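Just so it is clear, the structure is predicted and the values come from calculations on it, not from any experiment. Each residue takes its place number in the sequence, starting with 1.
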Amino acid sequence: MSHPVSCTIDLSAASGRQLGELRLPRGSDDDAFVSIPIATIANGDGPTVLVSGGTHGDEYEGQIAARRLLAEVEPAQVSGRLIVVPTVSPEAAQAHSRFWPSGANFNRSFPGRPDGPPDEVLAHFFTTVLFPLVDMIVEMHSGGSGSWIAPC
């Protein structure tokens with residue numbers, strides 16, 4: 001069975017850098033989707049690590065760190081594979097909101113379901129497609145718009 005979320009890159013590629021997107025259907029209209037950035041950096045055998053930020057759209061530090069990781073790490077520096085989703089909730093990030101436009105808190109959408117609202121469909125993709133591929137998950141959070149954290 002295919003998943004409602006499609007991925008434009010080969011998540012099993014063993015070498016190189018790939019930049020693409022997850023296409024999350026907005027609803028019943030097959031042509032409307034939310035584009036969520038995804039990338040891999042791979043180099044041979046080794047563990048696979050999923051790095052994600054922006055689960056809450058107003059938590060920018062993790063999104064910035066994930067994008068810097070993509071910009072600064074070369075495949076030759078990796079033994080295994082990094083899968084990076086720098087901004088899990090792009091519409092929430094653009095709205096400077098913790099929540100999706102529907103009011104959903106993505107962090108509470110797991111394990112999700114393929115026939116649910118968009119947040120649950122994406123959570124189901126993470127649960128059934130991404131999580132089984134990885135040995136470790138680095139999910140970056142910060143205080144969001146409700147907090148101010150002094151630079152470290």
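- Considering all non-hydrogen atoms of both residues, A123 and S109 come closest at CB-O, 3.4 Å.
- Taking CD of Q77 as the reference point, atom CD of E72 lies at 9.5 Å (rounded to 0.5 Å).
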Quiz item: Does the salt bridge (charged side-chain N to carboxylate O under 4.0 Å, His left out) test come out yes or no for E120 and R108, once each step is laid out?
Solution: CA-CA 9 Å; E120 290 185 21; R108 305 289 184 259; over 6 Å; no
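- Contact of the T87 side chain with the R67 side chain is registered, since non-hydrogen atoms from C-beta on lie closer than 4.5 Å.
- Within a 6.0 Å radius of CZ in R68, other residues, nucleotides and ligands contribute 12 heavy atoms or fewer.
- I41 shares a hydrophobic cluster with V49, V51, L69, L70, V73, V78, L82, V84, M136, V138, M140; the chain of contacts runs through ILVMFWY side chains whose heavy atoms sit under 4.5 Å apart.
- Annotation: side chain of Q18 is not in contact with side chain of T8 (no heavy-atom distance under 4.5 Å).
- To the nearest 0.5 Å, the span separating OG on S142 from CD1 on I64 amounts to 9.0 Å.
- When all heavy atoms are compared, the tightest approach of A42 to A13 is CB-O, 3.5 Å.
- Residues D58 and S97 are not in side-chain contact: their nearest non-hydrogen atoms beyond the backbone lie 4.5 Å or more apart.
- Using a 4.5 Å cut-off between side-chain heavy atoms of Ile, Leu, Val, Met, Phe, Trp and Tyr, with links allowed through other members, L22 and I137 fall into the same hydrophobic cluster.
- A side-chain donor-acceptor contact under 3.5 Å links Y60 to the backbone of A93.
- Looking at S35, C7, S6 one by one, the single match for side chain to side chain contact (heavy atoms under 4.5 Å, CB included) with E21 turns out to be S35.
- Residues in residues 3-17 take part in these salt bridge (charged side-chain N to carboxylate O under 4.0 Å, His left out) pairs, two or more places apart or across chains: R17-E74.
- The aromatic rings of W100 and F106 lie parallel to each other, with less than 30° between the two planes, well short of the 60° mark.
- Using a 4.5 Å heavy-atom threshold, the side chains of L50 and L133 count as separate.
- Note that OG of S102 and CD of E91 are 9.0 Å apart. Values are rounded to the nearest 0.5 Å.
- Of the candidates V85, V88, V34, V88 is the only one forming a side chain to side chain contact (heavy atoms under 4.5 Å, CB included) with L122.
- Between L19 and A39, the closest heavy-atom pair is CD2-CB, 3.5 Å.
- A donor-acceptor pair under 3.5 Å links the side-chain atoms of T127 to the main chain of P111, judged by distance alone.
- In this structure, V129 is a member of the same hydrophobic cluster as V5, with clusters built from ILVMFWY side-chain heavy atoms closer than 4.5 Å.
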Self-check item: Steps toward side-chain contact (heavy atoms from CB on, under 4.5 Å) verdict (L11, L130)
Solution: CA-CA 9 Å; L11 294 170; L130 293 180; 3.8 Å; yes
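- Contact check for R113 versus V121: no side-chain heavy atoms found under the 4.5 Å cut-off.
- Between F110 and F131, the two ring planes are parallel [angle under 30°; tilted spans 30° to 60°].
- For the atom pair CG of D45 and OG of S15, the computed distance is 11.0 Å after rounding to the nearest 0.5 Å.
- Within a 6.0 Å radius of CG in D115, other residues, nucleotides and ligands contribute more than 12 heavy atoms.
- Partner of R81 under the side chain to side chain donor-acceptor pair (under 3.5 Å) criterion, chosen from D135, T48, T40: T48.
- Aromatic pair F99/H56: ring centres not closer than 6.0 Å.
- Closest heavy-atom contact between F33 and R23: CE1-CG, 3.5 Å.
- Of all non-hydrogen atoms in P114 and P4, the two that sit nearest each other are O-CG, 3.5 Å.
- Here CD of E59 is found 8.0 Å from CG of N107. Values are rounded to the nearest 0.5 Å.
- Residues S79 and P47 come closest through the heavy atom pair O-CD, 3.6 Å.
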